[in-house]
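So you know, we letter chains A, B, ... as the sequences are listed, proteins then strands, and number each from 1.
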Amino acid sequence: MKLGYPCINRSIGCTANKKFRLVSYSEQKLIDTVSNNMDCLSRILEYNLKNDLLFFRISSETIPFASHPICEFDWVGHFSPKRREIGQFVKESNMRISMHPDQFILLNSPDGNVTQRSIAELEYHCSLLDAMGLDSSAKVQIHMGGIYKDKKKAILRFVERYEGLDERIKKRLVIENDDRLYGLEDCLEVSGACNIPVIFDSFHHECLNKGEDILSAISDATATWGEKDGMAMVDYSSQQPGGRMGKHATFLDVGLFRDFLESADGFDIDIMLEIKDKEKSALKAIGIAKELGRL
DNA sequence: CCATGTCAAGGTCAC
DNA sequence: GTGACCTTGACATGG
């Protein structure tokens with residue numbers, strides 16, 4: 001089992017998701033920004049290794065505007081030594097990497113332009129992971145997308161479009177249950193239709209479910225991961241006390257996480273802690289996992 | 001220097 | 001039909 005956190009580290013004084021406005025785009029600005037992001041990513045990964053945090057989500061903003069038509073720069077070529085160095089570090093340290101394109105990525109949109117832009121964005125994500133030399137266990141997770149007033153058709157459209165994707169995207173893509181539209185059951189149905197792994201989000205499942213308990217949910221999701229996919233990934237969070245239903249917690253609730261780990265006992269999974277204070281909570285989680293003998 | 005409006009991208013829901 | 005919200009940080013401008 002590996003534990004980790006997404007994209008941002010607030011302890012080491014740099015950010016790996018620096019960006020700029022489209023209006024101020026220039027090749028030099030892109031190069032400077034990406035250099036900064038890559039250097040900081042190295043530092044984050046070094047911090048993570050020292051702290052037994054072997055799972056990390058790389059920010060989608062690592063290469064700003066990578067899939068935008070304005071960007072014609074050969075970033076794969078230009079940053080070749082640095083990204084290979086990072087990839088090497090990841091492999092030597094036995095780390096696990098994921099990425100999570102944001103809400104605009106909608107494979108099943110009825111609007112073909114939206115789908116095309118989404119695929120371009122997926123290509124960028126996969127290119128970055130490819131360029132680091134990571135195998136197919138480094139995943140790119142997305143949600144199912146919208147409903148568009150006809151869920152059955154929207155699901156069929158997803159399956160159809162997924163099947164039409166290049167193998168280099170398919171081997172990395174996984175779907176995650178969301179908190180409003182597509183629950184675990186829907187994701188499992190899609191997985192059955194096109195063999196895509198399901199990444200289980202425990203908090204979204206609390207918000208939207210068909211009454212499945214945590215154990216069977218993790219069991220069903222885990223079963224969709226094949227040998228080449230690596231260990232099943234799980235996203236963990238909990239409700240922010242006093243916050244709107246669905247709001248992620250600011251701090252890790254240690255008791256809840258301990259319960260979660262105990263209920264997931266027996267499953268070899270990699271857990272991403274989607275808690276707002278990032279590495280601080282991840283460190284607490286490491287402590288709990290060690291206490292329970294899970295690490 | 002600080003406060004605040006805004007940022008590539010879509011979709012759902014409440015009103 | 002319109003606007004708030006998702007989730008959220010940080011860029012960039014204007015005082």
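- A sub-4.0 Å separation between OP1 or OP2 of B/dG11 and a side-chain N or O of A/Ser109 is present.
- In the model, A/Asn51 has no side-chain atom that pairs as donor or acceptor with a side-chain atom of A/Glu279 under 3.5 Å.
- Aromatic ring centres of A/Tyr182 and A/His143: separated by at least 6.0 Å.
- Using a 4.0 Å cutoff on non-hydrogen atoms, the parts of residues 7-21 of chain A near DNA chain B are A/Arg21, ordered by number.
- At least one side-chain nitrogen or oxygen of A/Lys276 sits closer than 4.0 Å to the OP1 or OP2 atom of C/dT8.
- Atom name P, nucleotides C/dT8 and B/dT4: the rounded distance is 22 Å, in whole Å.
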For residues 63-75 of chain A, which side-chain donor-acceptor pairs fall under 3.5 Å, sequence neighbours excluded?
| from | atom 1 | to | atom 2 | distance (Å) |
| --- | --- | --- | --- | --- |
| A/Ser67 | OG | A/Glu121 | OE1 | 2.5 |
| A/His68 | ND1 | A/Ile70 | N | 2.9 |
| A/Asp74 | OD1 | A/Gly77 | N | 3.0 |

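- With contacts defined as side-chain heavy-atom distances shorter than 4.5 Å, the pair A/Tyr5/A/Lys280 does not qualify.
- For C/dG3 and B/dT6, the P atoms lie 14 Å apart once the distance is rounded to whole Å.
- At a threshold of 4.0 Å, the pair A/Lys82-A/Asp39 counts as salt-bridged, since one of the basic side-chain nitrogens sits closer than that to a carboxylate oxygen.
- Whole-Å rounding puts the A/Glu274 CD to C/dT7 C1' distance at 11 Å.
- Counting to the nearest Å, the C1' atom of C/dT8 and the NE2 atom of A/His248 are 12 Å from each other.
- Interatomic distance, CG of A/Leu54 versus CG of A/Leu3, reported as 8.5 Å (0.5 Å rounding).
- At the heavy-atom level, A/Asp111 lies nowhere under 4.0 Å from the strands shown.
- Note: CZ (A/Phe104) to C1' (B/dT12) measures 14 Å, nearest angstrom.
- Between A/Glu46 and A/Arg43 there is no salt bridge, since no side-chain nitrogen of the basic residue lies less than 4.0 Å from a carboxylate oxygen of the acidic one.
- Side-chain contact check for A/Lys290 versus A/Asp52: some heavy-atom pair is nearer than 4.5 Å.
- Note that CZ of A/Phe79 is 9.0 Å distant from CG of A/Asn37, once rounded to the nearest 0.5 Å.
- Separation of the P atoms belonging to C/dA12 and B/dA9 is 16 Å when rounded to the nearest angstrom.
- Ring orientation note: the planes of A/His248 and A/Phe203 are nearly perpendicular, at an angle over 60° on the 30°/60° scale.
- Inter-residue side-chain proximity for A/Leu156 and A/Lys152 is flagged as unmet; no heavy-atom pair is nearer than 4.5 Å.
- Across all strands shown, A/Gly145 has no heavy atoms under 4.0 Å from either base or sugar-phosphate atoms.
- For residues 39-47 of chain A, proximity to DNA chain C is found at no residue, defined as any non-hydrogen atom under 4.0 angstrom from a strand atom.
- If you check C/dA12, B/dA9, B/dG11 against the side chain of A/Lys29, the one that comes closest is C/dA12.
- If you take NE2 of A/His125 and C1' of B/dA8, they are 14 Å apart, rounded to a whole angstrom.
- C/dC11 and C/dT7 are spaced 23 Å apart, taking the P atom of each and rounding to whole Å.
- The CG atom of A/Leu41 sits 6.5 Å away from the CZ atom of A/Phe56 when rounded to the nearest 0.5 Å.
- For DNA chain C, if you chain together Watson-Crick or G-U pairs that step i with j, i+1 with j-1 and so on, the runs of at least three with distances under 3.5 Å are B:1-7 with C:9-15, B:10-15 with C:1-6.
- Whole-Å rounding puts the A/His143 NE2 to B/dT12 P distance at 14 Å.
- Between A/Arg180 atom CZ and C/dT7 atom C1' the separation is 11 Å, expressed in whole Å.
- Listed in residue order, the members of residues 63-75 of chain A having a heavy atom less than 4.0 Å from DNA chain B are A/Phe65, A/Ser67, A/His68.
- Atom CD of A/Gln103 is separated from atom P of B/dC7 by 15 Å (rounded to the nearest Å).
- Taking every side-chain heavy atom of A/Ile105 into account, B/dA9 is the closest of C/dA12, B/dA9, C/dT7.
- Atom name P, nucleotides C/dG14 and B/dA8: the rounded distance is 16 Å, in whole Å.
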Let me have the donor-acceptor pairs involving side chains of residues 262-277 of chain A, under 3.5 Å, with sequence neighbours excluded, atom names and distances please.
| from | atom 1 | to | atom 2 | distance (Å) |
| --- | --- | --- | --- | --- |
| A/Ser263 | OG | A/Asp259 | O | 3.3 |
| A/Ser263 | OG | A/Phe260 | O | 2.8 |
| A/Asp270 | OD1 | A/Lys2 | N | 2.9 |
| A/Asp270 | OD2 | A/Arg96 | NH1 | 2.6 |
| A/Glu274 | OE2 | A/Arg57 | NH1 | 3.1 |
| A/Glu274 | OE2 | A/Arg57 | NH2 | 3.0 |
| A/Asp277 | OD1 | A/Ser281 | OG | 2.5 |

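- For A/Asp130 and A/Arg172, the salt-bridge test passes: some basic side-chain N is under 4.0 Å from an acidic carboxylate O.
- Taking the nucleotide of DNA chain C with the nearest heavy atom to each of A/Val23 and A/Lys278, the more 5' of the two is matched to A/Lys278.
- If you take CD of A/Glu61 and C1' of B/dA9, they are 12 Å apart, rounded to a whole angstrom.
- From A/Asp201, atom CG reaches atom OG of A/Ser237 across 7.5 Å, with rounding to the nearest 0.5 Å.
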